[in-house]
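Letters A, B, ... mirror the listed sequences (proteins, then strands); counts begin at 1. What you are looking at is a predicted structure, and each value in this text was computed from that prediction instead of being measured.
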Amino acid sequence: MLDIKVLRENPDAARAGAIKKRLPDRAQAVDRALAIDAELRALTPKLDGMRGEQKNASKALGKLSAAEREPFLQKQKELKAEIGVLEEREKQLEADLKQQLSLVPNIPDEDVPEGKDDTENQETKRWGSVRDFGFTPKGHDEIAEAQGWLDTKRASDMAGSRNYFLFGDLALLHDAVLRFAVDLLVGRGFTAVDPPLLVRDAAMFGTGFFPGGEEQTYRAEKDELNLIGTAEVPVTSLHSGEMLAEDQLPKKYVARSMCFRREAGTYGKDQRGLYRVHQFQKVEQVIVDIADKARSIAHHHDIVKNAEDLLQACELPYRIVAVCGGDLGVPQAMKYDIETWMPSRGNYCETHSASRFYDYQARRLSLRYRPKDGGKVLFCHTLNNTVIASPRVLIPLLENHQQKDGTVRLPQVLRPYLGGREVLGRPIW
RNA sequence: GGAGAGGUGGCAGAGUGGCCUAUUGCAUCACCUUGCUAAGGUGAAGUACCGGCAACGGUACCGGGGGUUCGAAUCCCCCCCUCUCCGCCA
């Protein structure tokens, strides 16, 4: 959520931001919010005056005897009725304002490239070289099925498409890479978190997934809870409603959790293998810090670096793209995606997503801190990035490190998690 | 699932219809005192919105929402959360 003051002072920036994100209907929310705000600003002083009058009269009444009160009571009742009508209007306007304001997207930063969708994201870095196999490489699903590591057929029969069973060494590799990611971040001062997976609407709203993301979310209607699509939701909401002290900041968390996504509207897309599935595990890094743009940007680079270091340790070629306006989500101010080379897809594909929000989420969550210098209470800045998401990362791991005979070479850093083994699987081909 | 007790400012904790403009303590900030330390004294200070260049003034806020009343932290209803006991259970 943006500050209504920002909208008053610079509505053009908010409108232009929505346009840059290719969300023209959200740009209209700026004007609707301002219209409601104007009416509210006319109403509030009037109501305040009336309430003051009522309050003073009540106080005077309290000092009178029952008989003396009588003549004044009628007037008080009339005033009360008048106030009641206006208060109802005020309440309606406040609710409408919050609704419209929550539809206004965060303003994309200057370093967000113009563009309509993910085809116009801008590459900023490339690391590693695409391997020359010397044989025809197989897809991850082919390798995994041949090794007896993967069954999507039975999973789909039982649970619907985009589900999977992992078995044996692939199930262990899945756990190993997640565990490695947690250990890497804990070693860099992040606090490990195991968060709730079912959350109330307030957490979904606060992190900016609602309104808008309802179709993407599994909902437990009976309990009015939502299955999280990312640990960003519970972890960023962790200090919601709190007033932190500046010396408690920054808060750095690394959460490993299950993630659930309906993937509605993606029929036919990425249907095979482990790329797009309904449930997966993700290790997510979340930072909450003071309201300082330069520090947010520095954190942003740091969390991208953490993910890069993990990919480099796993010997996986990747590139970084600056996500363009049209591909940017509603709450983000700027986002880098990291795309890892997947031989079967012949392309770099998204495995990580690093976002900075400034105070957009914090305002929705009421996540504030008291500055050391005793100044005004401020909203925090928040950021997050994937460290690893699996089984998606198993695609590049299997495909880039496959050998001619169908076995898979393990990167050095993962070996301790798999009993010191250097190779997984048995020769097939 | 059943029964009971609670939720008050950054924290602790008083407050059972008008003297609440929320007592007090801790922590915070400023100044003073005691040769250091420990401690003591005086004062300032909640959050949001509105008006004002400002000092300041007004209104709202006592877990959330609704109600009763001229007037609600206080009484009533619904919801959320915490604690205790019972039941069930990995």
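The side chain of A:Arg370 has B:G46 as its nearest neighbour among B:G71, B:G46, B:U59. Among B:A60, B:G51, B:U47, the nucleotide with an atom closest to any side-chain atom of A:Arg51 is B:A60. The side chain of A:Arg368 has B:U47 as its nearest neighbour among B:G58, B:U47, B:G66. Ranking B:U21, B:C81, B:A48 by closeness to the A:Arg200 side chain, first place goes to B:C81. Among the nucleotides B:U59, B:U21, B:G71, the one closest to the side chain of A:Gln54 is B:G71. Side-chain proximity of A:Ser58 to the nucleotides B:C70, B:C50, B:G58 is greatest for B:C70. Out of B:G10, B:G58, B:A48, the shortest distance to the side chain of A:Asp48 is found at B:G58. Closest to the side chain of A:Lys5, from the set B:U59, B:C50, B:U47, is B:C50. Checking B:G58, B:C50, B:U69 against the side-chain heavy atoms of A:Lys80 singles out B:U69 as nearest.
Taking atom CD of A:Glu94 as the reference point, atom C1' of B:G65 lies 14 Å away to the nearest angstrom. Nucleotide B:A72 holds its P atom 11 Å from the CD atom of A:Gln76, rounded to whole Å. Atom CG in A:Leu225 sits roughly 12 Å away from atom C1' in B:C80 (whole-Å rounding). Atom-to-atom, NZ of A:Lys46 to P of B:A60 comes out at 17 Å; the value is rounded to the nearest Å. Between the CD atom of A:Glu88 and the C1' atom of B:G67 there is a distance of 13 Å, given to the nearest Å. Atom NZ in A:Lys98 sits roughly 17 Å away from atom P in B:A48 (whole-Å rounding). Atom-to-atom, CG of A:Leu86 to C1' of B:A60 comes out at 15 Å; the value is rounded to the nearest Å. We find that CD of A:Gln74 is positioned 13 Å from P of B:G71, with the value rounded to whole Å.
Ion pair A:Arg261/A:Glu263 not flagged as a salt bridge, since none of the NZ, NE, NH1 or NH2 atoms sits closer than 4.0 Å to an Asp/Glu carboxylate oxygen. Taking the charged nitrogens against the carboxylate oxygens, A:Arg89 and A:Glu39 do have a contact shorter than 4.0 Å, which makes a salt bridge. The pair A:Glu142-A:Arg272 does not count as a salt bridge, with every side-chain nitrogen at least 4.0 angstrom from each carboxylate oxygen.
When A:Lys293, A:Lys335, A:Lys21 are each tested for a salt bridge (Lys or Arg N to Asp or Glu O under 4.0 Å) with A:Asp109, only one passes: A:Lys293.
Among the atoms of the strands shown, none is found under 4.0 Å from any heavy atom of A:Arg363. Nucleic acid contact for A:Lys55: sugar-phosphate only, since backbone atoms but no base atoms lie under 4.0 Å from a heavy atom of the residue. Among the protein residues, A:Lys91 comes within range of the sugar-phosphate backbone only, with heavy atoms under 4.0 Å from sugar or phosphate atoms but none that close to a base.
Distances shown here put a side-chain N or O of A:Lys376 below 4.0 Å from the OP1 or OP2 atom of B:A48. Not one side-chain nitrogen or oxygen of A:Lys59 sits closer than 4.0 Å to the OP1 or OP2 atom of B:G18.
In summary, the side chains of A:Gln361 and A:Thr207 do not present any donor paired with an acceptor at a separation below 3.5 Å, with no hydrogens or angles considered. For the residue pair A:Asp201 / A:Asn226, a side-chain donor-acceptor distance below 3.5 Å is found, with atom types taken as modelled.
The residue among A:Met243 and A:Arg8 whose nearest nucleotide of RNA chain B is located toward the 5' end is A:Met243. Residue whose closest nucleotide on RNA chain B sits further toward the 5' end, between A:Leu378 and A:Leu47: A:Leu378.
Of the nucleotides present, none pairs with B:A38 by Watson-Crick or G-U wobble criteria with both distances under 3.5 Å. Shown here, B:G6 forms a base pair with B:C81; the pair counts as Watson-Crick or G-U wobble because both key distances fall under 3.5 Å. Across all strands shown, B:U16 remains unpaired; no Watson-Crick or G-U wobble contact has both distances below 3.5 Å. Under the Watson-Crick or G-U wobble criterion, with both distances below 3.5 Å, B:U69 is left unpaired in every strand shown. With a cut-off of 3.5 Å on both pairing distances, the Watson-Crick or G-U wobble partner of B:G51 is B:C56.
Taking the six-membered ring where the residue is Trp, A:His278 and A:Tyr218 present perpendicular rings, their angle passing 60° and hence far from 30°.
The gap from the C1' atom of B:C56 to that of B:G7 amounts to 35 Å, rounded to the nearest Å.
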